[in-house]
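Residues take their numbers from the sequence shown, with the count starting at 1. Every number for a ligand or one of its atoms is a count from 1 in the order of the listing.
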Amino acid sequence: MGVCTNCGKSLDPAWKFCIYCGATVEPTTRAEPIPNAIRPDPTEVAARKRSRVDVPLLIGIGLAAAGAAMIVYLAVLFLLPHA
Ligand SMILES: [Zn+2]
């Protein structure tokens with residue numbers, strides 16, 4: 001039990017937010033999930049992914065090309081009859 005830090009009304013511990021003013025209820029006694037500060041910000045993560053997309057993409061294309069070449073090479077090696 002506690003009171004709303006925003007409007008001061010009594011709160012039920014099960015409530016995630018104050019039903020009177022809509023303020024988020026700060027956990028007092030219960031162990032709550034990770035606070036917002038520790039959680040990665042989705043927009044920040046998205047921005048980081050966007051800025052780094054070029055290099056892994058090029059590496060991926062290079063590896064895919066090398067892999068395809070290797071597969072073709074092995075296929076030729078194993079499938080073609082040897083003289
Ligand atoms: Zn309130």
Side-chain angles (χ1 to χ4, degrees):
M1 288 297 256
V3 293
C4 178
T5 53
N6 190 50
C7 69
K9 299 218 190 248
S10 295
L11 297 173
D12 187 287
W15 296 345
K16 299 268 187 255
F17 58 89
C18 176
I19 63 164
Y20 301 103
C21 70
T24 306
V25 175
E26 295 299 325
T28 49
T29 52
R30 285 182 305 152
E32 279 289 311
I34 313 150
N36 284 330
I38 299 171
R39 256 184 244 150
D41 184 3
T43 55
E44 194 190 317
V45 171
R48 244 185 273 152
K49 272 186 190 160
R50 256 200 308 277
S51 64
R52 270 200 270 148
V53 79
D54 286 332
V55 172
L57 191 68
L58 289 175
I59 293 172
I61 290 169
L63 286 176
M70 184 65 80
I71 287 166
V72 170
Y73 173 73
L74 288 175
V76 168
L77 215 78
F78 283 107
L79 294 178
L80 285 189
H82 292 282

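When all heavy atoms are compared, the tightest approach of Ser10 to Tyr20 is O-CE1, 3.7 Å.
In terms of hydrophobic clustering, with Ile, Leu, Val, Met, Phe, Trp and Tyr side chains grouped at heavy-atom distances under 4.5 Å, Leu80 and Val72 are assigned to a common cluster. Put simply, Val55 and Leu63 are part of the same group of oily side chains (I, L, V, M, F, W, Y) that touch within less than 4.5 Å, one to the next.
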- [ ] Start with the C-alpha distance between Cys18 and Leu11, add both sets of side-chain angles, then the distance that settles side chain to side chain contact (heavy atoms under 4.5 Å, CB included), and finish with yes or no.
- [x] CA-CA 7 Å; Cys18 176; Leu11 297 173; 3.9 Å; yes
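For the Zn ion (ligand 1), the set of protein N/O/S atoms nearer than 2.8 Å consists of Cys4 SG, Cys7 SG, Cys18 SG, Cys21 SG, ordered by chain and number.
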